[in-house]
S.K.: 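Got a structure for you, written out below as structure tokens; questions coming shortly.
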Protein chains: 2
Amino acid sequence: MTIRVLLVDDHAVVREGYRRLIEKHQGISVVAEAEDAASGYQAFKCHGPDVVVVDVSMPGRGGIDLVRQIRQLDCDARILIFTMHASATYAQQAFRAGARGYVTKSSPPDVLVSAIRSIYSGRPALCAEINEIIAASSLSDGMSVVDELSPRAFEILRMILEAKSTDEIAAAFNLSPKTVANYHYEIKSKLGVRSDIELVYLCMRQGLVAPLAEQAV
Amino acid sequence: MTIRVLLVDDHAVVREGYRRLIEKHQGISVVAEAEDAASGYQAFKCHGPDVVVVDVSMPGRGGIDLVRQIRQLDCDARILIFTMHASATYAQQAFRAGARGYVTKSSPPDVLVSAIRSIYSGRPALCAEINEIIAASSLSDGMSVVDELSPRAFEILRMILEAKSTDEIAAAFNLSPKTVANYHYEIKSKLGVRSDIELVYLCMRQGLVAPLAEQAV
DNA sequence: GTTTTCCTCGGGAAATTTGCCCAGGAGCCT
DNA sequence: AGGCTCCTGGGCAAATTTCCCGAGGAAAAC
């Protein structure tokens, strides 16, 4: 009996590559492919695969959302996230959504195969890179970091994400620019980012910034 | 007479996939792989491949810079950019650097193979997606502001968007931090933004940053 | 009731970045 | 040769960031 795999990734070439890589191994075969969350969901219902391999970044609803959907349908589904993002936030989101494994694309090729086997036999799978990053970042917490900001800090964060200057924010809240700058610093250090650009990316992943960033700049 | 290909991509699994896909076809074989610009350059010197397939987003100096380097060494080198970014701006920069083709990873698998053949026989190669985007962007209005950046400035912008610090960028390009800071300033003023956050939003609208900010932070 | 904790607000001082100007050199076009 | 743009970085004042600190208040814990 072979492990029946469903591949979900928006890049056809990449799927092709996985398929070939996977099928080189005994006992695993790809029974279906899908290029987005919607068709991935349909394919899951059709084929009832043993393991689903999902990329996170896909047009439309992302891979993590697909995980959540599939798990609602079948809470025993074994889903492996396979992505380029070595991000603790993503990994946390993925596991919270019900994924059983998270492997980055920069891992050696057979890590994918062994992760599929792990998940199939009920063991969670994490690649070395993600283990490191999670260990490093979530020694203390485990929740969405942004939730730990105080209300005031959060308000100021929103203004920062709207690309307002320190002085504009200070004026809007009737604060000293110094106070705003201090909040800005506190936000960055509490969220563990080193620059405003990292801050934007982090907040985008948390859904705090419009995906298309249609900011009036 | 087989076409000898060098693959440059930072993800081992992805390279593996390309290799398998490519080698399924008659008359093409992968003679070497590299995981970053530096080793890609070395591999080019060692093997003198007929065609080089390069990803743009790689740690350290990016793929476009590698194109420029290789072309300096051998101005007949045939280089194909193969990337996830469906961006007219990236494509323009790539061609300006000396690439002969630009294909997105979301293209059907054999587009990669036929692009390699095209390039090998001297014809430029563009995938359908990029043709569309270039057409759309060129008839809507002239060039975007980003295209007015010099090659060097563009490379540095790329690193900035990857949330690299001034010192990291300086180290990657072997420049004085002061020079990088000057470029950073020049970029912001030429693009008419007042902060790094506005810069990110602008570049997102230009397609230079992945829609969901898939940066590993 | 009191201590502890957290939030809010800002000062201070050192370190760093920003904004802008300048200049030499390489390489191109005419 | 003369004029371009590009790449490279120094200089320097002004602004910002970074980090530490304290005070006042509210809420929660003891």
Side-chain angles (χ1 to χ4, degrees), chain A residues 140-141 143 145-200 202 217, chain B residues 37 61-62 64-69 71-73 75 89 92-98 143 145-200 202:
Chain A
S140 49
D141 71 304
M143 299 297 295
V145 213
V146 181
D147 299 333
E148 281 162 17
L149 294 178
S150 71
R152 195 51 142 184
F154 195 78
E155 298 273 311
I156 288 175
L157 172 57
R158 297 190 100 141
M159 300 288 276
I160 291 172
L161 293 176
E162 282 170 22
K164 305 291 184 194
S165 74
T166 298
D167 289 326
E168 284 171 329
I169 299 173
F173 286 107
N174 248 298
L175 293 174
S176 154
K178 189 65 224 235
T179 303
V180 176
N182 281 335
Y183 273 113
H184 194 151
Y185 169 71
E186 181 203 318
I187 288 166
K188 286 202 284 182
S189 68
K190 201 166 268 181
L191 265 46
V193 298
R194 280 156 53 253
S195 68
D196 283 347
I197 296 185
E198 284 189 5
L199 179 66
V200 172
L202 174 68
V217 174
Chain B
R61 302 191 330 293
I64 296 185
D65 210 38
L66 174 61
V67 173
R68 200 158 13 241
Q69 251 187 84
R71 290 287 300 229
Q72 246 164 32
L73 189 70
C75 65
T89 308
Q92 270 161 15
Q93 292 283 334
F95 277 93
R96 219 171 289 164
M143 304 294 159
V145 218
V146 181
D147 296 321
E148 279 159 22
L149 295 178
S150 69
R152 194 52 141 181
F154 189 78
E155 290 293 322
I156 287 175
L157 171 58
R158 256 196 62 251
M159 301 286 276
I160 291 172
L161 294 176
E162 281 172 17
K164 303 292 184 195
S165 73
T166 298
D167 289 328
E168 284 171 329
I169 299 173
F173 286 107
N174 247 299
L175 294 175
S176 151
K178 182 63 199 180
T179 303
V180 176
N182 281 336
Y183 273 113
H184 195 153
Y185 167 70
E186 180 203 318
I187 288 166
K188 286 203 287 182
S189 70
K190 203 167 267 184
L191 265 45
V193 298
R194 233 125 253 112
S195 68
D196 282 349
I197 295 186
E198 284 189 6
L199 179 65
V200 172
L202 174 71

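Chain A is the first sequence line, chain B the second, and so forth, proteins listed ahead of strands; every chain is numbered from 1. None of these values were measured; they are calculated from a predicted model.
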S.K.: Just how far, in rounded Å, is P of D/dT18 from CG of A/L191?
M.R.: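 Rounded to whole Å, this separation is 14 Å.
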S.K.: Quick one: A/I160 CD1 to D/dT16 P, roughly how many Å, whole number?
M.R.: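 Nearest whole value for this atom pair: 14 Å.
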S.K.: Locate the shortest heavy-atom distance separating A/S176 from A/A170; write the atom from each residue and the value.
M.R.: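 Closest pair (atom of A/S176, atom of A/A170, distance): C-CB, 4.0 Å.
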S.K.: Are any of the side-chain nitrogens in B/R158 or B/E155 under 4.0 Å away from the carboxylate oxygens of its partner?
M.R.: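 Result for this pair is yes, salt bridge flagged.
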S.K.: What is the distance, to the nearest angstrom, from the NZ atom on A/K188 to the P atom on C/dT16?
M.R.: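 To the nearest whole Å, that distance equals 14 Å.
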S.K.: Between the protein and nucleotides 5-8 of chain C, are there any N/O to N/O pairs under 3.5 Å, and if so, what are the atom names and distances?
M.R.:
residue	atom	partner	partner atom	Å
C/dT8	OP1	A/R152	N	2.9
C/dT8	OP2	A/S150	OG	2.2
C/dT8	O5'	A/Y183	OH	3.4

S.K.: Can you check the A/I169 CD1 to C/dC9 P distance for me, whole Å?
M.R.: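 Atom CD1 in A/I169 sits about 13 Å away from atom P in C/dC9.
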S.K.: With each end axis built from five pairs of C1' atoms, what bend angle do you get for the helix from C/dG1-D/dC30 to C/dT30-D/dA1? Round to 10°.
M.R.: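 If I round to tens, the end axes sit 30° apart.
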S.K.: Pairs under 3.5 angstrom, nitrogen or oxygen only, protein versus nucleotides 20-24 of chain C, please.
M.R.:
residue	atom	partner	partner atom	Å
C/dC20	OP2	B/Y185	OH	2.6
C/dC20	O5'	B/Y185	OH	3.4
C/dC20	N4	B/N182	OD1	3.0

S.K.: Quickly work out the B/R68 CZ to C/dG27 P distance and round it to whole Å.
M.R.: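 These atoms are roughly 15 Å apart.
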S.K.: Answer yes or no: does a side-chain N or O of A/T166 lie under 4.0 Å from OP1 or OP2 of D/dT17?
M.R.: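 Yes, because at least one side-chain N or O of A/T166 sits under 4.0 Å from OP1 or OP2 of D/dT17.
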S.K.: With respect to B/I160, which candidate in B/T166, B/I187, B/V180 satisfies the side chain to side chain contact (heavy atoms under 4.5 Å, CB included) definition?
M.R.: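 Output: one option passes, namely B/I187.
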S.K.: Within this structure, what is the CZ-to-C1' distance between B/R194 and D/dA15, rounded to whole angstrom?
M.R.: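 Rounded to whole Å, this separation is 15 Å.
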S.K.: Can you tell me how far P of D/dT17 sits from CG of B/D167, to the nearest Å?
M.R.: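 After rounding, the reported distance stands at 17 Å.
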